[in-house]
2 protein chains.
Amino acid sequence: VTDQSSSFIDLLIARVGAGTVRTDAVVVDDESHDEALGATAVTPRAVVAPERTEQVVDVLRTCTEHGVPVTARGTGSGLSGACIPPDGGVVVSFQRMNSILEIDEETHLTVVQPGVQLDQLDAALARIGLAYPVYPGEYSATIGGNVATNAGGMQAVKHGVTRHHVLGLELVLATGEVIRTGGRVVKASSGYDLTQLVIGSEGTLALVTEATLKLVPRPAFRATVLAPFPTLDEVASAVPQVIASGLAPSILEYIDMLTMAAIQREYSVELGVPSDVQATALAYLVVRMESDHDDRLDADVQAIAELLVKLGAVDVYVLPPHAAAQLIEAREKAFWIAKANGADDIVDIAVPRRTIPAFMAKAREIGDANGALIAGCGHAGDGNVHLAVFQRDPVARKRLMLELFAAGIDLGGVISGEHGIGTTKKPYFLELEDPTKVALMQRIKRAFDPRGILNPGKIFDLEDES
Amino acid sequence: VTDQSSSFIDLLIARVGAGTVRTDAVVVDDESHDEALGATAVTPRAVVAPERTEQVVDVLRTCTEHGVPVTARGTGSGLSGACIPPDGGVVVSFQRMNSILEIDEETHLTVVQPGVQLDQLDAALARIGLAYPVYPGEYSATIGGNVATNAGGMQAVKHGVTRHHVLGLELVLATGEVIRTGGRVVKASSGYDLTQLVIGSEGTLALVTEATLKLVPRPAFRATVLAPFPTLDEVASAVPQVIASGLAPSILEYIDMLTMAAIQREYSVELGVPSDVQATALAYLVVRMESDHDDRLDADVQAIAELLVKLGAVDVYVLPPHAAAQLIEAREKAFWIAKANGADDIVDIAVPRRTIPAFMAKAREIGDANGALIAGCGHAGDGNVHLAVFQRDPVARKRLMLELFAAGIDLGGVISGEHGIGTTKKPYFLELEDPTKVALMQRIKRAFDPRGILNPGKIFDLEDES
């Protein structure tokens with residue numbers, strides 16, 4: 001049972017300070033939602049914005065004592081409803097814990113607070129020739145949020161996802177203990193990997209108060225190639241062969257015709273693709289190459305261009321830097337474009353790379369059978385297909401979504417490649433996931449959080465959350 | 001309480017078949033140990049060698065019912081005692097579950113049984129131009145064992161460790177349920193990452209009956225460079241700068257003078273290093289470069305050679321292929337050489353790369369203070385220092401080991417980079433690790449294995465194991 005009395009808020013204020021606890025309507029309304037389609041906003045009873053780990057400890061101790069749910073929040077750019085609190089819950093906003101604590105140029109690592117934004121970190125690293133290469137579509141996203149969802153993005157095809165770059169965490173457990181997992185090392189075999197377990201757990205196991213991240217050298221040169229294809233199937237078939245070539249693109253994205261048209265309309269990107277080619281192209285592949293040597297980059301771009309033509313591209317365009325940057329940025333905004341155009345739901349199923357053509361064909365079939373328009377783009381190199389689903393009717397839409405997820409799983413895939421389950425994908429997850437695994441996850445949850453106060457109702461439910 | 005009666009063995013035979021359960025002395029003695037120094041062999045009451053997952057299910061159900069401990073075993077090449085059963089325990093040997101079930105050349109993945117050996121997998125992949133790039137020192141090691149310890153090895157500096165290459169697992173839980181974790185996908189955000197949790201858990205959470213592994217293209221060209229340095233400190237200081245260069249070596253090993261002398265004595269490796277250079281060199285750096293282009297490889301080797309000289313190398317030798325292969329092989333056998341020379345214990349501490357010089361200096365100091373000889377080599381690019389400790393006296397040795405581990409942890413490191421904790425590092429782990437984390441790991445263990453039958457006594461103990 002949740003303690004609804006105002007005395008709880010008084011207690012919280014007494015413990016962490018009045019300036020840290022906000023209950024005024026403007027603040028709490030602001031923290032009531034993320035960017036997920038179809039998730040209902042819930043106004044938290046209070047927003048706590050700690051400045052240091054000790055305050056997070058106090059909040060969690062108090063909430064565990066009183067059985068009050070706690071939901072962590074970065075900038076709210078998530079796409080699954082995972083940072084929306086349950087009724088009566090407290091939001092812990094990490095906006096004030098936003099310092100880059102250390103950059104170790106020699107070991108190639110950085111130590112950051114969870115509220116650090118990706119754009120902030122990138123600006124700091126650009127100055128010294130390093131990069132944190134996880135680029136989900138939204139640069140205002142925080143490291144804490146990225147850890148919660150195991151964020152991926154366009155460069156995962158070469159550099160991997162959040163999971164591959166987090167070396168260690170400082171965590172506050174629901175019961176208030178502070179632990180440090182992992183280390184400043186690139187490998188460890190010293191007990192269970194608590195770091196990896198917390199990554200992707202959507203705030204349900206512990207609150208992250210610090211992260212140690214692995215960095216990579218920033219490549220000196222890069223080039224972006226755009227290849228229109230007559231059909232989506234040909235794009236999908238080309239992808240495994242581009243990977244197999246060993247040319248190691250840092251970005252390998254597909255964009256279907258509908259999405260490309262919307263991107264060009266909304267962002268006026270000048271790609272230099274003649275209108276007759278545009279008229280025949282039903283899908284595009286965007287390939288970015290990077291290197292520390294401009295001659296090698298040229299040779300690799302030449303090689304990839306020849307390969308793409310061999311694989312059926314109508315033509316290949318090496319984009320001028322400005323157009324390339326615009327296209328990549330517009331591609332990152334594809335979700336916003338879909339949203340602006342009235343998309344009813346989105347999907348980020350990941351399937352084995354080889355099965356992308358089969359999955360695409362199946363998705364089209366499922367869309368047709370359910371009277372829905374499905375448009376998409378995605379991280380083709382990872383098999384991570386992002387679809388926007390247009391179907392107003394909730395019953396038809398739910399059936400369609402379930403069929404899409406089931407089709408992905410049948411091919412060896414997973415429901416979400418990078419957005420997470422949150423609340424919006426939870427019904428599908430619970431319907432399609434092995435109940436033995438869900439029960440095991442629930443037991444793990446209890447091992448971390450005996451009273452179930454951490455972000456309850458995300459991914460799965462516990463029997464008696466209080 | 002463990003059921004010691006022979007009726008338990010009869011029951012096991014009845015469930016999985018007589019040919020699968022062995023109790024004869026030759027077999028059980030063979031499965032009583034691994035390669036750890038200082039671990040006491042324990043003869044299992046029976047060795048079960050299943051041929052299929054259903055038999056593993058039957059074994060675990062039976063053992064959970066009767067409270068009998070179960071320890072998984074590959075080829076027994078581990079270095080921490082993790083596959084040694086407790087008294088009265090059953091060993092599940094995966095030697096007969098050794099099939100490569102599938103190689104998907106397009107998606108770059110393979111599905112294997114846990115008993116598949118690294119040399120077996122490498123031979124199959126070499127034919128099709130792919131590689132599983134995790135190369136711990138012992139090629140007879142199995143994938144199941146590699147998953148249990150999160151094995152690393154020389155190529156981790158470029159390709160990462162086991163954790164970075166396992167996409168999914170089939171697991172049998174202690175209570176007999178079979179679950180499949182992850183998928184045939186390179187990314188997933190769909191509930192807790194059970195795959196990552198089981199990797200490195202040393203057989204204490206579940207038994208692995210199948211693994212889906214990510215593969216990489218096999219590079220066409222490679223070259224190995226040997227650089228003698230006047231001092232170990234200069235080697236250690238060179239390492240972060242080699243990494244920072246962006247030249248991305250696939251191997252970056254240091255070998256100290258004592259170890260190099262032993263390697264050359266035992267393996268008669270002809271390195272072409274003049275005797276006057278050998279006489280002044282107190283440490284060596286071994287750097288392997290790889291590329292799909294021979295001209296790029298040449299340029300990179302040239303660049304790394306110049307860099308090494310700038311960083312203090314006495315000279316730089318590009319080894320002929322045969323000598324290179326011999327040196328790498330001999331380096332892999334450094335542990336065996338240390339063992340043959342009477343080493344009393346080994347350490348595989350991982351520290352932040354930048355702190356290798358500080359750690360080395362500290363290790364020398366600790367060795368001197370405790371009257372011990374410490375020789376070493378290691379995965380310098382990972383900060384993973386392998387030391388052989390020569391100190392006969394167990395009391396002085398234990399003190400020295402504890403000081404070494406504490407020094408590594410003080411620098412931001414971990415007790416083991418790749419060997420695991422098992423039983424031989426357990427006392428140090430329990431003394432130096434945060435008790436809150438150990439308690440959390442114990443609760444996670446219970447969430448998987450309520451009766452504590454899976455490899456009890458490894459990493460930590462549970463209060464009432466039976």
Side-chain angles (χ1 to χ4, degrees), chain A residues 104-109 149-150 152 156 161 164 177 179 181 183-194 196-197 199-201 217 240 243-244 246 292 296 350-354 382-384 412-421 429 433-434 436-437 440-441 443-444 446-448 459, chain B residues 104-109 149-150 152 156 161 163-164 177 179 183-194 196-197 199-201 217 240 243-244 246 292 296 350-354 382-384 412-421 429 433-434 436-437 440-441 443-444 446-448 459:
Chain A
D104 178 343
E105 294 187 48
E106 277 191 271
T107 309
H108 285 189
L109 61 81
T149 58
N150 186 26
V161 298
H164 303 117
E177 297 97 331
I179 61 173
T181 69
R184 296 177 169 225
V185 289
V186 292
K187 66 206 284 194
S189 293
S190 303
Y192 303 160
D193 197 322
L194 302 173
Q196 292 294 328
L197 181 55
I199 296 171
S201 68
I243 298 288
D292 280 334
R296 293 185 192 181
V351 295
R353 202 187 293 130
R354 180 171 59 82
D382 302 331
N384 193 191
V414 294
I415 287 178
S416 169
E418 54 189 27
H419 294 170
I421 301 299
F429 177 74
E433 186 52 280
D434 177 359
T436 302
K437 280 168 68 181
L440 180 57
M441 290 180 198
R443 293 197 300 275
I444 293 170
R446 287 283 187 208
F448 275 82
I459 310 175
Chain B
D104 179 343
E105 294 186 50
E106 277 191 272
T107 308
H108 285 189
L109 64 79
T149 57
N150 185 27
V161 298
R163 179 173 303 296
H164 304 117
E177 298 97 331
I179 62 173
R184 297 178 170 225
V185 290
V186 292
K187 67 206 281 195
S189 295
S190 303
Y192 303 159
D193 197 321
L194 302 174
Q196 292 294 328
L197 182 54
I199 295 171
S201 68
I243 299 288
D292 279 335
R296 291 184 194 183
V351 295
R353 203 186 293 132
R354 181 172 59 80
D382 301 332
N384 193 191
V414 294
I415 289 179
S416 169
E418 53 188 29
H419 295 170
I421 300 299
F429 178 74
E433 185 54 281
D434 177 359
T436 301
K437 280 168 69 180
L440 180 57
M441 290 181 198
R443 294 198 299 275
I444 293 169
R446 288 282 186 210
F448 276 81
I459 310 176

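Just so it is clear: chains get the letters A, B, ... in the order the sequence lines come, proteins before strands, and each one is counted from 1.
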Taking all atoms of both residues into account, what is the closest heavy-atom pair of [X] and [Y], and its distance?
| X | Y | result |
| --- | --- | --- |
| B:Lys187 | A:Ala350 | O-CB, 3.7 Å |
| A:Gly246 | B:Pro217 | CA-CG, 4.1 Å |
| B:His164 | A:His164 | CD2-CD2, 3.9 Å |
| A:Arg353 | B:Glu106 | NH1-O, 3.5 Å |
| A:Arg443 | B:Ala447 | NE-O, 2.6 Å |
| B:Met441 | A:Leu194 | CE-CD1, 4.1 Å |

Side chain, backbone, both or neither: which part of [X] has an atom under 4.5 Å from a heavy atom of chain A?
| X | answer |
| --- | --- |
| B:Val351 | backbone |
| B:Thr149 | backbone |
| B:Ala156 | side chain |

Can you say whether [X] sits under 4.5 Å from chain B via the side chain, the backbone, both, or neither, judging by heavy atoms?
| X | value |
| --- | --- |
| A:Asn150 | both |
| A:Glu177 | side chain |
| A:Ile459 | side chain |
| A:Asn384 | side chain |

Kindly compute the distance separating [atom1] ([X]) from [atom2] ([Y]), expressed to the nearest 0.5 Å.
| X | Y | atom1 | atom2 | answer |
| --- | --- | --- | --- | --- |
| B:Leu197 | A:Tyr192 | CG | OH | 8.0 Å |
| A:His108 | B:Ile243 | NE2 | CD1 | 8.0 Å |
| A:His419 | B:Ser190 | NE2 | OG | 11.0 Å |

Under a 4.5 Å heavy-atom cutoff, which of [options] has the most pairs with chain B?
| options | value |
| --- | --- |
| A:Ile444, A:Asp434, A:Ile415 | A:Ile444 |
| A:Gly413, A:Ala244, A:Gly191 | A:Gly191 |
| A:Gly200, A:Pro240, A:Gly152, A:Gly183 | A:Pro240 |

So, [X] side chain and [Y] main chain: donor-acceptor pair closer than 3.5 Å or not?
| X | Y | answer |
| --- | --- | --- |
| B:Thr107 | A:Arg354 | yes |
| B:Asp382 | A:Val186 | no |
| A:Arg296 | B:Arg296 | yes |

